[in-house]
There are 2 protein chains.
Amino acid sequence: MPKTIYDVARQAGVGIATVSRALNNQPNINKSTKEKILRIAGELNYTPHGLARGLARKHTHQIAAVVPFFFNYFFLGLLKNLQYQLTDHNYDLFLYSVDRIDNKETIFDRVLFERKCDGALILSLGIDDLYAKKFLRAKMPVILVDNYHPLLDSISIANIRGAKVAVEHLISQGYKKIALINGSLSSYPARSRLEGYKETLQSHNLVCRPEYVVNATGDMAQDGFNESAGYDAMQNLIALNDERPDAVFVASDVQALGALRAAKEYNIRIPEDIAVIGFDDIDFVKYVGLTTMRQPVQSMAELAVNRLLQRIDKKTSDKFQVELNAELVIRETCGCNKEGFHANQI
Amino acid sequence: MPKTIYDVARQAGVGIATVSRALNNQPNINKSTKEKILRIAGELNYTPHGLARGLARKHTHQIAAVVPFFFNYFFLGLLKNLQYQLTDHNYDLFLYSVDRIDNKETIFDRVLFERKCDGALILSLGIDDLYAKKFLRAKMPVILVDNYHPLLDSISIANIRGAKVAVEHLISQGYKKIALINGSLSSYPARSRLEGYKETLQSHNLVCRPEYVVNATGDMAQDGFNESAGYDAMQNLIALNDERPDAVFVASDVQALGALRAAKEYNIRIPEDIAVIGFDDIDFVKYVGLTTMRQPVQSMAELAVNRLLQRIDKKTSDKFQVELNAELVIRETCGCNKEGFHANQI
DNA sequence: CATATTTATGGAAGCGCTTCCAAAACAATA
DNA sequence: TATTGTTTTGGAAGCGCTTCCATAAATATG
């Protein structure tokens, strides 16, 4: 039978209030009684009951992470860092996964009203006005990570700028027929990356040919940021034959992996025939030599957690909307590496 | 201000006990009052307070997953499936990560005594007698996944057999000088895979040369199942020069990735100079053509969750220790694929 | 040494639920 | 209609903690 605070109190010959004071090292307690209580609590192997504590204190020291678990290796890295941060601050992590599009709201509602957590981190998930307001009204601290909403705190990537840097790199290597393989335009990052792509082409006086822009369509998993979408898109580009692009900016690494697979299958050499540059720098792409835009997941996690904790402690109230820059990581698939590495031969 | 059960009761003109009955659809309640209560609860946007519920019910409908978050892509796949299963059964997931070796026990204690969860899944983490007994004594249901302890339920991989299949495949391809790159022997899977490796060589009358067995040493992250350990080990094997093995069984895919990187750097062709076969079949290795032993993560997750839930519901009490078989997935690095694919040229 | 201050302590209420138990309401039987 | 049986219902206790408040002990002040 687990011990309660009453057991400790009885054993120590004091009242429960005193035990509570000792355990939470509050002031107004005699040093020696405190030591005695702590010792006895240790001997009895007593640990406070988490739920009871939460109920009495009106906060749980738990935070919820809502992730689209149809799984994207990018925010897996994010999740890892988030977890580290939270552990540092002694918060427990609830993991909610929205596996189907339609249960997103159900989960938001639970996070909002079940009161199992003091705050929430929402990863890579769009949120509409209705729910943004709900969060506000319920006074539930929330940080959007890798997404944006005007009413809420958010930490995202400067997608437009990232896309620009990527495309500009391609242009600087002499490529002129640059295509874009993108996620679904229903997602915020996809829209921004498209914008960056277009702007860059324009500012360099390159035509933006519609057949070079392949947005994932339909209500796909991961908003089209998945391997097979990349594969399909690359097939389309390859099918253009002599009108084929000489370089592709792929809006996510997973898609880029799919694109590489398609290239290999059709005997398209990378980067000789088509150069490829991705986005995210997920863990694995270094093994296939993919040039890509690295998202600073660690900083994102740090910022997100710090900010959320501040909100929870009511240390702040001003809005917080940060954009971090992605960084170009040059490997082999963009063709500017001397080694003459052929990514398509994997 | 969030609504309570009292608000609903007042609004509906009934007592709180009746509201509770309606909400948890218990028997002995008039159908029409139940409907009325449910309607009003809906109108008020009432959601029961999770902690209060847990405290009163003495169980939380939450389960803890303890994972070594120094991150291994293999049990990330596992975690994903676990999460799916749990969601299906309407359980919430607490994610505890043990990031340093020394906090494993702290976390076990918290899981055990804070009573925030009804049961625990412990992934890829060794557990000693002391804690095995603690779990038993505290009557905390627990399933070890990808590990084993005689006193506890466990679901693991038939590592010895898996290693056998891998090495036997290599032998069947005509390789005779077969090396092993392994994790740290402090881990259970590493020991078993070594055993399988040795047995197979013996049963085929091949000598088991000590310099061909590279176990990760020291207190490494992930028990030596990491990329750089694989890289280092492969370097050692390559340094053997004319005594070099003609094939390597690598005890995990992440290490295999490191091994491939080393091979590439030293211009060793895979599989012509050295064939490689991994273990796990993590998501990414298909892109580098790695032949490997696939772990059935989905079945593992299903079994683990079903079993844990049964334990929680006290539907069972007999011990449950399952070994699942890994399955050989042939790609290019073992050299039996006609396409003559060169994995080292990635 | 009496009184005023400060410090330490324990009892009790309350967090929001579930559930036991006794009472009320209703239906069925004689 | 009186009596028994069956549903429904609400009050109250209890889950294990924190915290308010009143009181007791210890210390300081005159």
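Throughout, protein chains are lettered first and strands after them, A, B, ... in sequence-line order, and every chain is numbered starting at 1.
- B/Arg110 has its side chain within reach of B/Tyr96: a pair of non-hydrogen atoms, C-beta onward, lies under 4.5 Å apart.
- When heavy atoms are screened at a 4.0 angstrom cut-off, A/Asn28 is found touching base atoms of the nucleic acid.
- Side chain B/Arg21 to base D/dG10: a donor-acceptor pair is found below 3.5 Å.
- When rounded to the nearest whole Å, the span between NZ of A/Lys31 and P of C/dA8 equals 12 Å.
- Of the listed nucleotides (D/dT8, D/dC17, C/dT9), C/dT9 has the atom at the smallest distance from the side chain of A/Thr33.
- You'll find that the side chain of A/Ser20 is closest to D/dT19, out of D/dC17, C/dT9, D/dT19.
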Does the side chain to side chain contact (heavy atoms under 4.5 Å, CB included) test come out yes or no for A/Lys133 and A/Leu151, once each step is laid out? CA-CA 8 Å; A/Lys133 281 176 191 153; A/Leu151 293 175; 4.0 Å; yes
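- Minimum atom distance to the side chain of B/Ala56 is reached by C/dC17, of the listed D/dT9, C/dC17, D/dC17.
- Across all strands, A/Gly50 comes closer than 4.0 Å to no nucleic acid atom at all (heavy-atom distances).
- With rounding to whole Å, A/Lys3 atom NZ is found 17 Å from D/dC17 atom C1'.
- Residue A/Gln26 has its side chain nearest to D/dT19 when only D/dT19, C/dG10, C/dG16 are considered.
- The distance between atom CD1 of A/Ile16 and atom C1' of C/dT9, rounded to the nearest whole Å, is 12 Å.
- Distances from the side chain of B/Ala52 to the nucleotides D/dC17, C/dC17, C/dA8 place C/dC17 closest.
- Inspection of the A/Asp146 and A/Ser124 side chains reveals an N or O donor paired with an N or O acceptor under 3.5 Å.
- In this structure, B/His61 and B/Tyr91 have parallel ring planes: the angle between them is below the 30° cut-off, well short of the 60° mark.
- Residue A/Lys36 contributes atom NZ, which lies 13 Å from atom C1' of C/dT9 at whole-angstrom precision.
- Rounded to an integer number of Å, the gap from B/His49 NE2 to D/dG16 C1' is 14 Å.
- A straight line from CZ of A/Arg57 to C1' of C/dC15 spans 13 Å, rounded to a whole angstrom.
- With DNA chain C read from its 5' end, the first of the two nearest nucleotides for B/Thr18 and A/Lys58 is the one closest to A/Lys58.
- Looking at A/Asp223 and A/Ser186, their side chains come closer than 4.5 Å, going by heavy atoms from C-beta outward.
- Checked against D/dT18, D/dC15, D/dG10, the side chain of B/Leu55 finds its nearest nucleotide in D/dC15.
- The phosphate of D/dC17 (OP1 or OP2) has a side-chain N or O of A/Tyr46 nearer than 4.0 angstrom.
- In this structure, B/Asn25 places its CG atom 16 Å from C1' of C/dT19, rounding to the nearest Å.
- Here C/dG16 presents its P atom at 17 Å from CG of B/Asn24, a figure rounded to the nearest Å.
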